[in-house]
2 protein chains.
Amino acid sequence: MRDGNATHTTTGPANGSGRAAAREAMRERILDAALTLLARDGFAGFGVNAVAREAGCDKVLIYRYFNGFDGLLDSLGARLDIWLGPEDSDGVSGHYGSVMRSVLQDYLRALRANNLVKQILAWELVQDDDATRRIGKAKGDAIGRWFQGVRQRSGPPPAGSDAAVLNAVLIAAAHHLALRENSSGDFMGLDLRDPNCWARIEAVFNTIITGAYGAPDGTEDPP
Amino acid sequence: MRDGNATHTTTGPANGSGRAAAREAMRERILDAALTLLARDGFAGFGVNAVAREAGCDKVLIYRYFNGFDGLLDSLGARLDIWLGPEDSDGVSGHYGSVMRSVLQDYLRALRANNLVKQILAWELVQDDDATRRIGKAKGDAIGRWFQGVRQRSGPPPAGSDAAVLNAVLIAAAHHLALRENSSGDFMGLDLRDPNCWARIEAVFNTIITGAYGAPDGTEDPP
DNA sequence: TTTATAAGTCACCGGATGGTGACAGTCAAT
DNA sequence: ATTGACTGTCACCATCCGGTGACTTATAAA
């Protein structure tokens, strides 16, 4: 349905001007507005009217270009390939615990700096309709991509450790603390607005990983 | 402002009938309806109209009895003294790690069984107005009460461990996983609807606590 | 018994939402 | 140049929201 105008633009101007270019520019403007709005105000009040208002156009264009709000969310998910930015810890390899420490630290810092991902994480916790399932699918794949390289760069995790569950527990804690940083700003007496607090959190993460997967100098955990 | 009718009911019928009893009964019905609605449908669409519809009365009573929706939330917070039920691990005492293991396990199970608390936790992550701050204050106090007895029953945590941050990390993970159980039902490939999955999660929690605080037989963590 | 106060019901207001139809301007193909 | 399809704008609809005033009925005090 997207190439409904292909019969006319095949011989038209290549790019930069013309109707097809204007249409594509407006599509991009709407998508940008939706991302900006979602990252800034969250999904409360996130709808056709708000996106159109942010984009400075009429909401009828959303229905014409994206087939309504659901279609806009689909196109939005396809645009969310960036998510958490470049994987900084791609170069690290070696001991499983070392790689995991590095990946988790980079992930936590990238997550805290990315308001859009935080808003979508919170959105998934509240809504469970197909709208969030569409977006959440793309996000889950991106997060998996962050951690799927750990095995390749480090070999399998030490035997006897439930690595899948332990990693999930650590990331779950990272998610929750990052979300609380944006909402109330504190959690169980911890001041999540204080950078020093996050240094302590990272230290605890490192301690847990070291205790489970051993130190980088070959010291495994005791049986 | 609540005892505005005290001048008339001091000599009236003690209880069971009369206008004051009817008013109190209707107040309770509204509060019950609000709790039921919040636990069932969450805070999406949680408002004056929805509560009145659930209670089967007119919404003007909410304004007359509670001074609007904010007052209703206040009265709701005062009613949330139960929260997570009885502290089952009150009897456990001894080693810090043992007490912590028991308390965290009971807390996780009580949290998973309590839909109302889960909804409020999710609500806090999204909204940050004074409405949720009021409710969240009572909740934070109740959670603190769960864990404040650990020190009394076990003495201080082992030196060198950042117990405050570690406990916060574990509870943050418990919160996030419990919330994902209700929303999408999975997290990083883990099937949170499978009871066996939760057994593995509890095992990982135990492993982490044992690694940080030592085993109950006096084995401390290596320096 | 009379009367003032309260309970409960109904209708309304302004504003916001999602969604649609009608209209004027504009570009491209004929 | 004429025609037709498309873009963008405006107005409108039904529905929901929070909030308020007016009204009828029942209770409790005088």
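Convention: sequence-line order gives letters A, B, ...; per-chain numbering from 1.
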For the pair made of [atom1] in [X] and [atom2] in [N], what is the distance, rounded to whole Å?
X       : N      : atom1 : atom2 : result
A:Arg23 : D:dG8  : CZ    : C1'   : 12 Å
A:Lys59 : D:dC12 : NZ    : P     : 14 Å
A:Arg64 : C:dC23 : CZ    : P     : 14 Å
A:Leu61 : C:dG19 : CG    : P     : 15 Å
A:Asp58 : C:dT20 : CG    : C1'   : 11 Å
A:Asn67 : C:dG19 : CG    : P     : 11 Å
B:Asn49 : D:dT15 : CG    : P     : 15 Å
A:Phe66 : C:dG18 : CZ    : P     : 16 Å

Looking at [X] and [Y], would you say the former's side chain and the latter's main chain have a donor-acceptor pair under 3.5 Å?
X        : Y        : value
B:Asn167 : B:Ala163 : yes
B:Trp123 : B:Gly42  : no
B:Arg153 : B:Val99  : no

Worksheet item: More 5' along DNA chain C: A:Tyr63 or B:Met26, using each one's nearest nucleotide?
Response: B:Met26

Discussion item. Among C:dG18, C:dC10, D:dG18, which nucleotide has an atom closest to any side-chain atom of B:Val60?
Written reply: C:dC10

Discussion item. C:dT17, OP1 or OP2 - any side-chain N/O from A:Arg53 closer than 4.0 Å?
Written reply: yes

Discussion item. For A:His175 and B:Phe187, take the angle between the two ring planes, folded into 0 to 90°, and tell me which bin it lands in: parallel under 30, tilted 30 to 60, perpendicular over 60.
Written reply: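 Answer is perpendicular, since the angle exceeds 60°.
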
